[in-house]
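Data block below; observations after.
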Amino acid sequence: MEQRTCLAIVLAAGEGTRMRSSLPKVLHAIGGRPLIAHVLSAAVEAGGADIAVVVGPGRDDVAVAARKLAPRAKVFEQRERLGTAHAVLAARVAIERKTDGKLADDILVMFADTPLVRPETLRLLRDALAKGAGVAVLGFTPKDPGGYGRLVMQGDELVSIREEKDASPAERAIGFCNGGLMALAGTHALTILDRIGNANSKGEYYLTDAVAIARDMGLKAVAIETEEDDVRGINTKAQLAETEAVLQSRLRGAAMDAGVTLVAPETVFLSSDTKLGRDVTIEPNVVFGPGVTVEDGAVIRSFSHLEGAHVGKGARVGPFARLRPGAKLGTDVHIGNFVEVKQATIEAGAKANHLAYIGDARVGEGANVGAGVITCNYDGTDKHRTDIGKGAFIGTNSSLVAPVTIGDRAYIGSGSVVTKDVPADALALERSEQVIKEGWAARLREVKELRKKKQKKTD
Ligand code: UD1
Ligand code: MG
């Protein structure tokens, strides 16, 4: 099976009108990445070495996204939307292409708006081809079969697929439905596809007709039963949210299976690429945007938001922490409440426990960043770096005006606005000297009392 070659054709030419959005449907995201990205990665994981993406006319945005996600993907334009078989044939050049004089063994047709299909499900379709089927489709039994093509079975053989609009009452009574995705034997695919006509109620070229045509050619067609979630398609924002919920529950389950403690799983939002080590604990209400890795034993406390960040072993983050892209926390780092870290490396054992902004910076090993410390990284046009040495102590409410370097073990007095580099082991103090006026407050109160009494007399 692994020896067989595979071309995956991803149909992404849908208009997505029902999303009521200026963003193309397949670029909407679930699990922190576009729908089409889920489909492309399932295709690659299922062995789709060659990928063709079919986009609608003028959809350069989808083409650009597809190439970025799968650099080897070839993009084809379907100029008119004349049906699923017509869309597949937009990639004719890819289907005809021979590698070492040979057509692809397996052709997988996938829908870019059906993002939850699992690689193992696709492999079952490919297995069916390896066992000699000419066409293999995904079947499922939805609660409400309305709108789906019906699978007409004879024993364990698939005889035909009947689109609902063209089905007889008896065919409509069938509960076993077409999930849409399909695998075709590469050597027969073009012959089958070219024979598909559009004599049906919608006047479209239906990919589903491939089944009856294959059988007519003496080939075998089979249906592989799968869960509804695998073939869940997205047409509306409500379906986008439902699909996100299914994906989140898969991701949470996988995290827990891998040894992560989720105290209240249903309140934790993960991205498809979130990497969580063993014995990581995630408290309730934490959100992971794309690109986060958390190493073993770290604790992410409630109401934290992480994106593009690396959290080292045994580190503690939150509650109410925000790690933005480029935040790299070393082993045993503590980032506490209302601390924001962006493009900054916080080395092992360093702490910023409350109310701080650390951006475009390095915080050296074991350094302590006090409450209210701000790295002033932006001068209105450019970003500048702050470098804090090992074991340095940054007193509360200090502003570090970048570019600035604080030497190892240096000490910044609270409330300082630091604009010059501070040498190692030095103290930097920038604040006006404190003035003491003995008895001043008591005298103020006396004056105020006297004024009040006078006022009462005159009233
Ligand atoms: C299709 C199946 C139906 C199945 C259902 C599962 C056909 C004829 N019917 O119906 O049996 O039960 O999926 O959801 O295949 N597309 C193009 N170009 C086109 C037409 C479609 O790229 O000209 C793309 C769409 O963007 C979509 C996919 O193909 O991603 C499926 O098309 P859609 O119109 O949703 O087909 P269904 O009517 O849902
Ligand atoms: Mg559909």
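Counting starts at 1 for both ligands and their atoms, in listed order.
Near T208, meaning under 4.0 Å from one of its heavy atoms, ligand 1 places the atoms 7 (C), 8 (C), 9 (N), 11 (O), 15 (O). Near A87, meaning under 4.0 Å from one of its heavy atoms, ligand 1 places the atoms 17 (C), 18 (N), 22 (O). Those atoms of ligand 1 that come under 4.0 Å of a heavy atom in Y206, given as number and element, are 8 (C). Here is the list of ligand 1 atoms found below 4.0 Å of a heavy atom in G149: 3 (C), 4 (C), 11 (O), 12 (O).
Counted by atom type alone, R162 and T208 present zero donor-acceptor pairs between their side chains at under 3.5 Å.
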Item checked: Stepwise salt bridge (charged side-chain N to carboxylate O under 4.0 Å, His left out) test for R97 and D50 -> CA-CA 10 Å; R97 211 181 121 228; D50 278 328; 3.6 Å; yes

Margin query: For a side-chain contact (heavy atoms from CB on, under 4.5 Å) check, start with the C-alpha distance between L89 and D194, then their side-chain angles and the critical distance, and finish with the verdict.
Written below: CA-CA 8 Å; L89 279 171; D194 279 331; 3.9 Å; yes

Notebook entry, point to check: Under the salt bridge (charged side-chain N to carboxylate O under 4.0 Å, His left out) criterion, do D113 and K25 qualify, and how do the steps go?
Noted result: CA-CA 7 Å; D113 64 0; K25 174 163 77 174; 3.0 Å; yes

Margin query: Run R123 and E45 through salt bridge (charged side-chain N to carboxylate O under 4.0 Å, His left out) and show every step you take.
Written below: CA-CA 9 Å; R123 271 193 220 106; E45 276 182 59; 5.3 Å; no

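Within the 4.0 Å heavy-atom criterion, the part of L82 lying near ligand 1 is the backbone and not the side chain.
Using a 4.5 Å heavy-atom cutoff, the side chains of E283 and L262 are not in contact.
With hydrogens and angles ignored, the 3.5 Å screen pairs a side-chain donor or acceptor of D105 with a backbone N or O of T5. Here the side chain of R172 pairs a donor or acceptor atom with the backbone of E164 at under 3.5 angstrom.
One finds a salt bridge joining E77 and R79 here, because a Lys/Arg side-chain nitrogen approaches an Asp/Glu carboxylate oxygen to under 4.0 Å. Salt bridge status for D360 with R385: absent, with no side-chain N to carboxylate O gap under 4.0 Å. Checked for salt-bridge contact, R322 and E307 miss the test: no charged N lies under 4.0 Å from a carboxylate O.
Residue contacts with ligand 1 include D113, since one of its heavy atoms falls under 4.0 Å from the ligand. The shell of residues lying under 4.0 angstrom from ligand 1, judged by heavy atoms, excludes H86. Remark: distances from the non-hydrogen atoms of G83 to ligand 1 include one below 4.0 Å. At a 4.0 Å cut-off, not a single heavy atom of C177 sits close enough to ligand 1 to count as contact.
Residue contacts with ligand 1: G180 is placed with no nitrogen or oxygen under 3.5 Å of a nitrogen or oxygen of the ligand (distance criterion only). At least one N or O atom of Q78 sits closer than 3.5 Å to an N or O atom of ligand 1. Backbone and side-chain nitrogen or oxygen atoms of A13 are examined, and one is located within less than 3.5 angstrom of a nitrogen or oxygen of ligand 1. The shortest N or O to N or O distance between I161 and ligand 1 is not below 3.5 Å. Considering backbone and side-chain atoms alike, L207 places every N or O at 3.5 Å or more from each N or O of ligand 1.
Given atom 14 (O) of ligand 1, the protein heavy atom at minimum distance is Y148 CE2, 3.7 Å. The protein atom (non-hydrogen) at minimum distance from atom 25 (C) of ligand 1 is R81 NH2, 3.5 Å. From the protein, the heavy atom lying nearest to atom 12 (O) of ligand 1 is N178 O, 2.6 Å. Among all non-hydrogen protein atoms, the one lying nearest atom 8 (C) of ligand 1 is T84 OG1, 3.3 Å. Atom 24 (C) of ligand 1 has its closest protein heavy atom at L11 CB, 3.9 Å. For atom 10 (O) of ligand 1, the closest non-hydrogen atom on the protein side is E163 OE1, 4.1 Å. Looking from atom 38 (O) of ligand 1 to the surrounding protein, the closest heavy atom is K202 NZ, 4.0 Å. When only non-hydrogen protein atoms are considered, atom 1 (C) of ligand 1 lies nearest to F111 CE1, 4.2 Å.
Within a 4.0 Å radius of atom 33 (P) of ligand 1, the protein contributes no heavy atom. Less than 4.0 angstrom separates atom 36 (O) of ligand 1 from none of the non-hydrogen atoms of the protein.
Sparse packing is recorded around CG of D156, with 12 or fewer heavy atoms of other residues, nucleotides or ligands lying under 6.0 Å away.
Aromatic ring orientation, F140 versus Y148: perpendicular (interplanar angle above 60°, classes split at 30° and 60°).
Taking the ring centre of F269 as origin, the terminal cationic atom of R252 falls inside the region bounded by 6.0 Å and 45° from the ring axis.
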